[in-house]
*Asks:* 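Sharing a structure with you now.
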Amino acid sequence: DTRTRHAANYAELAVQFEAALGLPAERQWWGRIGLDQANLRVALEHSLATGREQDALALAAALGWYCYTRGHLGAGDRLVTDVLARVGDPDGSRAGAAARVAGGMLAWSRVEFDRAETLLHGGLAASQALGDVRRSSVASAFLGHCARACGRYDESARWHHLAESGFRELGNVQGVAWAHQDLGLLARDQGDLGAATNLLRTSLRDFRDLDYPWAAAWSAWGLGTTLCRRGQLDEAGLQLGAALRTFQDIEDLRGVAQCLEALAEVARERASYEAAARLLGAAGAQRERLAAPLSDAERDRVDAVERTLVRPLGAEPAERVRQSGRRMTSAQIGELAAAVAAGRVPPDPDREPPTVLTRREGQVAVLVASGRTNRQIGTALGVAEKTVEIHLQNAMAKLGARSRAEVAAWAVSHGGTD
């Protein structure tokens, strides 16, 4: 009947869209999928009701990817998960592989890494069996993200290099640029900030040459976070401000939240503590609306910023300011974020940077001064290397230190503890 023909037509549209993902042609599809998403949802329900399982899987994959790019992670995850549960085993079909990769990508963004890896491995195996290098490369990239989020850095690098190899085989400049961005984020998280800066600058340049603003915004965000950790706050603010404007323009609300969190770090480094607290409050409210939780690494960074605001502001005042950020309008958030990005927010008056370390932070500082590595410090204190990194980052933030050498100098002159 007419409804079935319309549903089949939209399913074919979904297939064409998913087939363009990871390729330059995808940029031409985002607007059309946005305009047709209501029709795609109707077609999905009709396909499920009439037993057209392959059409339902194709439509779920397309809608899942669209939700991901707009930050509606909870809604997209529920949609794809529901369709996969109702259809059952897709039996190695292209549509099934596409739905599994989309579901894995959404599960990763929802910080459900075990489920994400199960779906991504399923989608990868089906794609490889079908000889689909493009989708195999996309699945490999997200498996790399999962491994990075779980601290399995060597495995993450292997997945990202595998994705890069696939995209090079296809002659896909856009895919290679994504791989460079992914490897840049990996280098950042491993602490190799020089390599991260170079990789992220390369991907940002390539995405701008390709005229792909959304992808360029993600590279600018990654570069901004890296530059902030290097103490290059002026350029960090500019990169994050540019990324934020793009995410706002295309309504990628998860990207907006991540830029707000990164700008809060910039504000903290400039001793604009109240601005930092408000930005964190605004970002937290945004994440709750999107059902977009923080990963453990992201939570560690946000918690580190929040802790360093307590000493200059006081615990209760800091929480009041953060709550006021949750109530800001979009216009107020944009104005504050733009001011922080441009360096127009002055340091808080009469607020001194926090300078007293906790007992554990002081112990780490003293051991840094003795020349030990983070791993050696962890062994000495009986804690994980990652825990040492967090304590060291907190100490550097409180002291305004830009390097381990500056932390060591402080420890030598002050003794390192309360």
Side-chain angles (χ1 to χ4, degrees), residues 184-201 220-241 261-273 275-276 279-280 297-298 300-312 340-343 345-348 351-358 360-378 385-417:
L185 295 177
L186 175 60
R188 180 201 65 183
D189 289 358
Q190 289 179 292
D192 190 348
L193 301 184
T197 300
N198 291 335
L199 284 162
L200 290 163
R201 285 196 194 282
W221 166 79
L223 180 58
T225 61
T226 303
L227 293 170
C228 181
R229 295 178 199 183
R230 300 186 75 176
Q232 297 172 238
L233 300 182
D234 289 345
E235 187 184 354
L238 293 175
Q239 295 290 354
L240 292 168
E261 289 155 358
L263 285 167
E265 291 193 57
V266 172
R268 186 273 309 273
E269 290 299 305
R270 287 175 167 154
S272 298
Y273 303 117
L279 289 171
L280 288 181
E298 291 169 332
D300 288 343
R301 288 194 290 271
V302 168
D303 285 349
V305 176
E306 289 180 339
R307 285 195 298 270
T308 58
L309 301 179
V310 170
R311 181 171 178 82
V340 170
V345 179
D348 294 339
R351 304 288 190 187
E352 292 297 325
T355 55
V356 178
L357 305 186
T358 66
R360 185 63 90 189
E361 289 164 358
Q363 290 172 333
V364 170
V366 169
L367 291 170
V368 167
S370 72
R372 301 191 197 188
T373 66
N374 287 355
R375 180 170 296 180
Q376 292 169 334
I377 293 171
E385 184 178 358
K386 180 65 176 177
T387 302
V388 174
E389 293 175 7
I390 293 170
H391 287 313
L392 181 56
Q393 289 171 2
N394 291 345
M396 292 177 72
K398 291 180 179 181
L399 300 173
R402 304 299 183 195
S403 65
R404 295 173 70 93
E406 291 182 14
V407 172
W410 183 92
V412 169
S413 60
H414 290 81
T417 61

*Asks:* Evaluate the criterion side-chain contact (heavy atoms from CB on, under 4.5 Å) for residue pair Gln376 and Leu367; output intermediate values, then yes/no.
*Replies:* CA-CA 9 Å; Gln376 292 169 334; Leu367 291 170; over 6 Å; no
*Asks:* Do Leu185 and Trp221 come close enough that some side-chain heavy atom pair is under 4.5 Å?
*Replies:* yes
*Asks:* What is the minimum heavy-atom distance between Val345 and Ala275, and which atoms define it?
*Replies:* CG1-CB, 4.0 Å
*Asks:* Would you give the length of the straight line joining atom CG of Leu199 to atom CG of Leu186, rounded to the nearest 0.5 angstrom?
*Replies:* 9.5 Å
*Asks:* Just how far is it from atom CZ of Arg229 to atom OG1 of Thr226, taken to the nearest 0.5 Å?
*Replies:* 6.5 Å
*Asks:* For the atom pair CG (Asn374) and CD1 (Ile390), what is the distance rounded to the nearest 0.5 Å?
*Replies:* 11.0 Å
*Asks:* How far apart are the C-alpha atoms of Leu227 and Arg201, what are their side-chain angles, what is the distance that settles it, and do they pass the side-chain contact (heavy atoms from CB on, under 4.5 Å) test?
*Replies:* CA-CA 11 Å; Leu227 293 170; Arg201 285 196 194 282; 4.0 Å; yes
*Asks:* Might you confirm whether atom CZ of Arg375 has over 12 heavy atoms from other residues, nucleotides or ligands at distances under 6.0 Å?
*Replies:* no
*Asks:* Check whether any side-chain heavy atom of Glu298 lies under 4.5 Å from a side-chain heavy atom of Glu261, and answer yes or no.
*Replies:* no
*Asks:* Under 3.5 Å, side chain of Thr308 to main-chain N/O of Ala397, donor-acceptor pair present?
*Replies:* no
*Asks:* Between Glu269 and Arg402, is there a salt bridge with N-O shorter than 4.0 Å?
*Replies:* yes
*Asks:* Taking all non-hydrogen atoms of both residues into account, name the closest pair between Leu309 and Tyr273 and its distance.
*Replies:* CD2-CD2, 3.7 Å
*Asks:* Provide the closest heavy-atom pair for Val407 versus Ala401 in the form atom of the first, atom of the second, distance.
*Replies:* CG2-CB, 3.8 Å
*Asks:* How close do Ala236 and Gly224 get, heavy atom to heavy atom, and via which atoms?
*Replies:* CB-O, 3.4 Å
*Asks:* Rounded to the nearest 0.5 Å, how far apart are CG of Asp189 and CZ of Arg301?
*Replies:* 5.5 Å
*Asks:* With rounding to the nearest 0.5 angstrom, report the CG to CD distance, Asp300 to Glu389.
*Replies:* 10.0 Å
*Asks:* Go through the steps to decide whether Arg307 and Val310 satisfy the test side-chain contact (heavy atoms from CB on, under 4.5 Å), and finish with yes or no.
*Replies:* CA-CA 5 Å; Arg307 285 195 298 270; Val310 170; 5.5 Å; no
*Asks:* Between Thr225 and Ala262, which heavy-atom pair has the shortest distance, and what is it?
*Replies:* CG2-CB, 3.8 Å
*Asks:* With a 3.5 Å distance limit and no angle check, can you tell me whether Arg270 reaches the backbone of Val340 through a side-chain donor-acceptor pair?
*Replies:* yes
*Asks:* Return the minimal non-hydrogen interatomic distance between Glu361 and His391, and the atom names on each side.
*Replies:* CG-O, 3.8 Å
*Asks:* To the nearest 0.5 angstrom, please state how far the CD atom of Glu306 sits from the CG atom of Leu280.
*Replies:* 5.5 Å
